[in-house]
Amino acid sequence: TMSRSAPLATANSRSARAKAAETVSSAIALTLASASNAEAPPAAPPAPPAEGGAVVAGDAPTPEQLQALLDQMKKEQEDFAKAIGYRPGPLAGDMGIATINVPAGMQFTDGKGAKKWGELTTNPVSQKEIGLIGPDDGRWLVLFEFDDVGYVKDDDKDDLKADELLDSIREGTKAFNEEQRVPAGLPPMNIVGWEQQPTYNEAAHVLEWCVRAESGGEPSLNFNTRVLGRRGVAQVTLMFGGDVTLQQALPEFRELMKGF
């Protein structure tokens, strides 16, 4: 049970929305400001047709057109959050077999919302999801799953077989690419290797590892925690990518897990 693995998941789809919104917002500020005094932001995306008229190719988008695009993107984000059922902290996130303290500045949804998130973002859905939590800016996400297999002994803690586990993750991810990502028009997820090899914390009965992957040139990392209990195994996956590093995300994750 301790060596079971799943296809790699990614939080990049949500963080990309936030980055795109920031890019458009910066472009609006740049258009309104003096070019000589403004700091150059990332290139603005093509503007959509303005209400009552089309944008001519080669024309610089107006502030109104950029604002319309930003409003549209914000609405899409709101619709996305509503479909998933995100609730803002602070609150006690009820996951059925466990609870998690959700602080201010973070959002939470239960197992039903976590499954919906997987469907909307073309991420693996195991049907074992019990919760999903992350900061408002989407810099990382934590997915909670529970495998109701009863009491799990840690007899194999000294024989973790890291190579076999990584091969299993590669196989699962390759199959998911062929079945889901590529048909959806998404670039395949490619496993690069271990960011942190499997280690077992005997005092906390926790198995941890971190896998690095890439998709379309963008890095994606999964930090996996398996919490062994009397009723089964809680599978907790910290997902992040882009400019976020393990050294940045891990302290925040560990602080969050104090309330689990």
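Legend: residues meeting side-chain contact (heavy atoms from CB on, under 4.5 Å) with Glu119, ordered by chain and number and at least two apart, are Lys116, Val125. Contacts of Asn190 classified as side-chain hydrogen bond (donor to acceptor under 3.5 Å, both in side chains), with partners at least two apart in sequence or in another chain: Glu214.
Note that OG1 of Thr237 is 5.5 Å distant from CD of Glu145, once rounded to the nearest 0.5 Å. Between the CD1 atom of Ile191 and the CZ atom of Arg212 there is a distance of 11.5 Å, given to the nearest 0.5 Å. In this structure, CG on Leu221 lies 9.0 Å from OG1 on Thr245, to the nearest 0.5 angstrom. Taken from CG in Leu70 to CD in Gln65, the straight-line distance is 14.0 Å, to the nearest 0.5 Å. Once rounded to the nearest 0.5 Å, the distance linking CG of Asp137 with CE of Met106 reads 9.0 Å. Note that the SG atom of Cys210 and the CG atom of Leu238 stand 7.5 Å from one another [nearest 0.5 Å].
The two residues Pro183 and Asn177 make their nearest non-hydrogen contact at CD-O, 3.7 Å. Across every non-hydrogen atom of Gln107 and Tyr86, the tightest pair is OE1-CB, 3.4 Å. Contact detail for Val236 and Arg226: the closest heavy-atom pair is N-NH1, 4.1 Å. The two atoms that bring Pro135 and Trp140 nearest to each other are CD-O, 3.2 Å, heavy atoms only. The two residues Ala184 and Thr122 make their nearest non-hydrogen contact at CB-CG2, 4.2 Å. The nearest pair of heavy atoms linking Ala114 to Thr109 is N-CG2, 3.7 Å.
One finds no salt bridge joining Lys112 and Asp110 here, because no Lys/Arg side-chain nitrogen approaches an Asp/Glu carboxylate oxygen to under 4.0 Å. A salt bridge is defined here as a Lys NZ or Arg NE, NH1 or NH2 lying under 4.0 Å from an Asp or Glu carboxylate O, and Lys258 with Glu255 meets this definition.
In the hydrophobic cluster analysis, where Ile, Leu, Val, Met, Phe, Trp and Tyr join through side-chain heavy atoms closer than 4.5 angstrom, Leu207 is grouped together with Val149. A single hydrophobic cluster is not seen to contain both Leu186 and Leu120; linkage of ILVMFWY side chains at heavy-atom distances under 4.5 Å, directly or through other members, places them apart. Cluster annotation: Val244 is connected to Met257 through the hydrophobic network of ILVMFWY side chains, with a link wherever side-chain heavy atoms come within less than 4.5 Å.
Contact of the Leu143 side chain with the Glu129 side chain is registered, since non-hydrogen atoms from C-beta on lie closer than 4.5 Å. The side-chain heavy atoms of Val142 and Phe260, taken from C-beta on, include no pair separated by under 4.5 Å. Counting only heavy atoms from C-beta outward, the side chains of Ile100 and Met95 approach each other to under 4.5 Å. When side chains are defined from C-beta on, Ser220 does not count as touching Met239, because their heavy atoms never get closer than 4.5 Å. Counting heavy atoms from C-beta outward, Phe176 and Met189 have side chains that stay 4.5 Å or more apart. The shortest side-chain heavy-atom distance between Trp194 and Leu165 falls under the 4.5 Å cut-off. Ser215 places a side-chain heavy atom less than 4.5 Å from the side chain of Arg181. Looking at heavy atoms from C-beta onward, Leu228 lies in side-chain contact with Tyr200 at the 4.5 angstrom threshold.
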Steps toward side chain to side chain contact (heavy atoms under 4.5 Å, CB included) verdict (Phe80, Thr121): CA-CA 10 Å; Phe80 180 76; Thr121 59; 3.7 Å; yes
Verify side chain to side chain contact (heavy atoms under 4.5 Å, CB included) between Phe144 and Ile133, making sure each step is shown before the conclusion. CA-CA 8 Å; Phe144 292 85; Ile133 184 173; 3.7 Å; yes
Begin with the C-alpha distance, continue with both residues' side-chain angles, and end with the deciding distance and a verdict on side chain to side chain contact (heavy atoms under 4.5 Å, CB included) for Phe146 and Arg231. CA-CA 9 Å; Phe146 185 71; Arg231 295 176 53 188; 3.9 Å; yes
Step by step, work out the side chain to side chain contact (heavy atoms under 4.5 Å, CB included) result for Gln248 and Arg139. CA-CA 10 Å; Gln248 292 170 332; Arg139 62 186 179 275; over 6 Å; no
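Aromatic pair Phe240/Phe253: ring centres not closer than 6.0 Å.
Sorted by first and then second residue, the pairs that involve residues 77-105 and meet salt bridge (Lys or Arg N to Asp or Glu O under 4.0 Å), not counting sequence neighbours, are Lys75-Asp79.
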